Amino acid sequence: MPIQLFDTLSRTYKTLTPADGETFRFYCCGPTVYGAAHIGNFRTFVLQDILRRSLEAEGWATRHTRNITDVDDKTIRESQEERKSLREFTEFWRERFHRDCAALNLLPPHVEPSAVAHVDRQIELIQKLIENGHAYVENGSVYFSIQSFPEYGRLSHLAERELTTDREGAQHQAHDQDEYERETAADFALWKARKPEDGPNYWESPWGEGRPGWHIECSAMSMQYLGATLDLHSGGIDLIFPHHENEIAQSEAVTGKAFASHWFHVAHLLVEDNKMSKSLGNLLTLDEIMEKGHTGQEIRYVLLEGHYRHPLNFTWGALKAARKALQRMARFDEALRRVAKVSDPDLGCPDSKRLHGVSHSFEKAWSALENDLNTPEALGQIFVALKRVQREIDNGSLGSERANHEWLGWRRMIYALGIRLEQPEAPKPPEEIVKLADARWEAKKKRDFATADQLRETIRSRGWQVKDRPDHYELAPSEE
RNA sequence: GGCGAGGUAGCCAAGUGGUAAGGCACGGCUCUGCAAAAGCUGCAUACGUCGGUUCGAAUCCGACCCUCGCCUCCA
């Protein structure tokens, strides 16, 4: 069965298939690089990664494009405050973003275009919109006329909303003297005339100096790299309006073709039941979480624990649980690999072709993924299967051929979910602790348990925990 | 006010008509000098409240109570 995914525009489940029958071409709205992305942003990027991995596990080639927004109000303002060039400023945060992505095991997109590098392309698009009557120039800025596009609002169901623009901040500054009907949504800026506070950040255009509006970059870059009609376009749920609505309008007004065949939106992340916001001080970045000793893999795991269309509650407790769950998977992976006699643990992606006709226990887990990327259901099914296979491994009833089939089914899931099973290196205990532990081990061997227990208590009081193994001991930092 | 999402065990969270997945935590067992580790095992007569439809509802309908998002930059 192919992958079924909910489509925001039609509000139905649709089968994911590349229009060209080979390569699935999709675009993801990427980060604005003016600071560290927070873990809510990463929920969206992780889900997009899983979408891509699932398609690949299904056997399709993919072409994944995710932009970098490196020119907008925020990047311009912040770079000037730091007295850096826009380029220097955004480069710094772009690198940081890439580091975070790597920690989360996100596959790098095939194309990662920057808005600044595609200003010409955006100007071209705006020019066409003016020519065909969908846009107009006003005081050196260019606006898209939403009245010229009757389809406007289909994605976000604007017609069913009482949209008013007479609230503070809802008006474009350049519209002050305008007589636009206040009961309609506002025309949006395609090009913004140069303002003094933009500093050196402006470009030449047929309408004078200025810079592109935010929405136009995604239309320009997605169509340049993926064609007039994308197989899928995606982003966080809050981009539905106005960003994606505007993208549809400006793109389709130029091409006359459907902009995207499928719209994929990821719901928001809560932190300990609260919306993330600067004022609550709970804007969590990856660094902050990792500083507390959690790994990118654990964070990724937590982000998979909820279905992408429902809000997910990120909690420290869930993070702790994720570590245990991942450890269990890693142990299973090792045990199964041994029985399956796999020499190279890195299979890459065992896709459906390779799994054709192979019977294994992870079929239900895969089906869960095919069913609207139900990652929590998939994780549940993985553990059900894992338990069953583990039992057979333990009682020796799993032959190497069947073990190999289980291995393929198992690894496909691990690939699709993007789980990395290497365990982080255990922290090294200081020498004095090792000495105490050695002494304890000697005492224990002599069956002098009183001394041994006393030494263990001493070690514990210094923050370390002794764990005996069959022929040696291990040291780990105390839990508390 | 309009549009949308959600309220399932201590925590996280699946399940859209057939009698409550899974992970963590917790209890028990095996093993062990003890502890740990590992494996096994137990753990919601119950799904926000109240009505209704149905042989049967967490799942459908109605009303109500909470929480959250969007409507303005936002993943």
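Naming: A, B, ... by sequence-line order, numbering from 1 per chain. Keep in mind that this is a model prediction, so the values were computed, not measured.
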Quiz item: On a whole-Å scale, what distance lies between the P atoms belonging to B/G10 and B/C3?
Solution: 36 Å
Quiz item: Mind checking the P distance from B/A14 to B/A5? Whole angstroms is fine.
Solution: 15 Å
Quiz item: Choosing from B/A14, B/G39, B/C24, which nucleotide comes nearest the side chain of A/Asp394?
Solution: B/G39
Practice problem: Report yes or no: is there a donor-acceptor pair, N or O only, under 3.5 Å between the side chain of A/Asp453 and the base of B/G33? | Solution: yes
Exercise. Using heavy atoms to find the nearest nucleotide of RNA chain B for A/Phe42 and A/Arg460 separately, return the residue whose nucleotide is more 5′.
Key: A/Arg460
Quiz item: Are A/Phe383 and A/Phe332 close enough that their ring centres sit under 6.0 Å apart?
Solution: no
Quiz item: Whole Å only: how far is the CH2 atom of A/Trp441 from the C1' atom of B/G33?
Solution: 12 Å
Quiz prompt | B/A44 - base-pair partner by Watson-Crick or wobble geometry, distances under 3.5 Å | solution = none
Quiz prompt | Candidates B/C34, B/G23, B/C71 - which lies nearest the side chain of A/Lys387 | solution = B/G23
Self-check item: Minimum-distance nucleotide (side-chain atoms of A/Thr44 versus B/A5, B/A21, B/A75)
Solution: B/A75
Self-check item: Nearest-neighbour nucleotide for the A/Phe241 side chain, B/C71, B/A35, B/C12 considered
Solution: B/C71
Quiz prompt | A/Asn67 side chain vs A/Pro113 backbone, donor-acceptor pair below 3.5 Å | solution = no
Exercise. Could you check A/Asp468 against A/Leu270 and say which one's nearest nucleotide on RNA chain B is further toward the 5' end?
Key: A/Asp468
Exercise. Whole angstrom is fine here: how far is it from CG in A/Leu304 over to P in B/G22?
Key: 19 Å
Self-check item: Rounded distance in Å between the C1' positions of B/U59 and B/U19
Solution: 12 Å
Quiz item: Once you round it to whole Å, what is the distance between C1' of B/A75 and CZ of A/Phe314?
Solution: 15 Å
Quiz item: Which one is paired to B/G51, where only Watson-Crick or G-U wobble pairs with both distances under 3.5 angstrom count?
Solution: B/C61
Quiz item: Across the strands shown, which category fits A/Pro311 at heavy-atom distances under 4.0 angstrom: base, sugar-phosphate, nothing?
Solution: sugar-phosphate
Quiz item: Say you pick atom P in B/G23 and the same atom in B/C50; how far apart are they, in whole Å?
Solution: 32 Å
Self-check item: Watson-Crick/G-U partner (both atom distances under 3.5 Å) of B/G6
Solution: B/C66
Quiz item: Does B/G39 have a Watson-Crick or wobble mate here (both distances under 3.5 Å), and if so which one?
Solution: B/C29
Quiz item: Is it the case that A/Arg63 places NZ or CZ above or below the six-membered ring of A/Phe26, under 6.0 angstrom from the centre and within 45 degrees of the axis?
Solution: no
Quiz prompt | Same-atom distance (P) from B/G7 to B/U49, integer angstrom | solution = 12 Å
Quiz prompt | Integer angstrom distance from the C1' of B/U53 to that of B/C43 | solution = 34 Å
Practice problem: Verify the contact: side-chain N or O of A/Asn374 to OP1 or OP2 of B/G15, cut-off strictly under 4.0 Å; return yes or no. | Solution: yes
Exercise. Would you classify A/Lys74 as touching base, sugar-phosphate or nothing, given that sugar-phosphate means primed atoms plus P, OP1 and OP2, and contacts are heavy atoms under 4.0 Å?
Key: sugar-phosphate
Quiz item: Under the ring-ring contact (aromatic ring centres under 6.0 Å, His included) criterion, do A/Phe259 and A/Tyr27 qualify, and how do the steps go?
Solution: CA-CA 11 Å; A/Phe259 178 49; A/Tyr27 184 89; 7.9 Å; no
Self-check item: Rounded interatomic separation in angstrom, taking CZ from A/Arg309 and P from B/A13
Solution: 17 Å
Quiz item: Any chance the rings of A/His360 and A/Trp410 have centres within less than 6.0 Å?
Solution: no
Practice problem: Tell me whether the guanidinium CZ or amine NZ of A/Lys14 lies under 6.0 angstrom from the six-membered ring centre of A/Trp263 and within 45° of its axis. | Solution: no
Practice problem: Pick the C1' atom in B/G69 and in B/G18, then give their distance to the nearest Å. | Solution: 35 Å
Quiz item: Can you check the A/His243 NE2 to B/C73 P distance for me, whole Å?
Solution: 12 Å
Self-check item: Side chain of A/His268 - closest among B/A5, B/A75, B/G22
Solution: B/A75
Quiz item: Quick one: which of B/A14, B/C34, B/C40 gets closest to the side chain of A/Glu377?
Solution: B/A14
Exercise. Mark yes or no for a side-chain to base donor-acceptor pair under 3.5 Å between A/Asp238 and B/C73, with no hydrogen or angle criteria applied.
Key: no
Quiz prompt | Separation between the P atoms of B/G6 and B/A75, rounded to whole Å | solution = 23 Å
Practice problem: Have a look at A/Val384 and say if it touches a base, only the backbone sugar-phosphate, or nothing, with a 4.0 Å heavy-atom cut-off. | Solution: sugar-phosphate
Self-check item: Complement of B/U16, any strand, by Watson-Crick or G-U distances under 3.5 angstrom
Solution: none
Quiz item: Using purine N1 to pyrimidine N3 plus N6-O4 or O6-N4 for Watson-Crick, or N1-O2 and O6-N3 for G-U wobble, each under 3.5 Å, what pairs with B/U72?
Solution: none
Quiz item: Can you check the A/Asn371 CG to B/A14 P distance for me, whole Å?
Solution: 13 Å
Self-check item: Close side-chain approach of A/Asp372 and A/Tyr308, heavy atoms under 4.5 Å
Solution: yes
Exercise. Scan A/Leu269 against the nucleic acid and name what it touches under 4.0 Å (heavy atoms): base, sugar-phosphate only, or nothing.
Key: base
Exercise. Remember a base hit wins even if backbone is also touched, and classify A/His307 as base, sugar-phosphate or nothing at under 4.0 Å, heavy atoms.
Key: sugar-phosphate
Quiz item: Roughly, in whole Å, what's the span from CG in A/Asn313 to C1' in B/C24?
Solution: 15 Å
Exercise. Look at the side chain of A/Arg440 and decide which nucleotide, out of B/A13, B/A5, B/G33, has an atom nearest to it.
Key: B/G33
Practice problem: For the pair A/Arg460 and A/Glu457, find out whether any cationic side-chain nitrogen is under 4.0 Å from an anionic carboxylate oxygen. | Solution: yes
Quiz prompt | A/Arg456 (side chain) and B/A35 (base): donor-acceptor pair under 3.5 Å | solution = yes
Self-check item: Row check, A/Tyr202 ring normal vs A/Arg211 NZ/CZ: under 6.0 Å, within 45°
Solution: no
Quiz item: With sugar-phosphate meaning primed atoms plus P, OP1 and OP2, does A/Gly317 contact a base, only sugar-phosphate, or nothing at under 4.0 Å between heavy atoms?
Solution: nothing
Practice problem: Using the six-membered ring for Trp and the full ring for Phe, Tyr or His, decide whether A/Phe449 stacks on the six-membered base ring of B/G33 (centres under 5.5 Å, planes under 30°). | Solution: yes
Self-check item: Side-chain N or O of A/Arg331 closer than 4.0 Å to phosphate OP1/OP2 of B/G39
Solution: yes
Quiz item: What does B/C11 pair with, Watson-Crick or G-U, if both distances are under 3.5 Å?
Solution: B/G23
Self-check item: A/Arg391 side chain, from C-beta outward: closest of B/G33, B/U41, B/G6
Solution: B/U41
Quiz item: Does B/C34 pair with anything, Watson-Crick or G-U wobble, both distances under 3.5 Å, and if so, with which nucleotide?
Solution: none
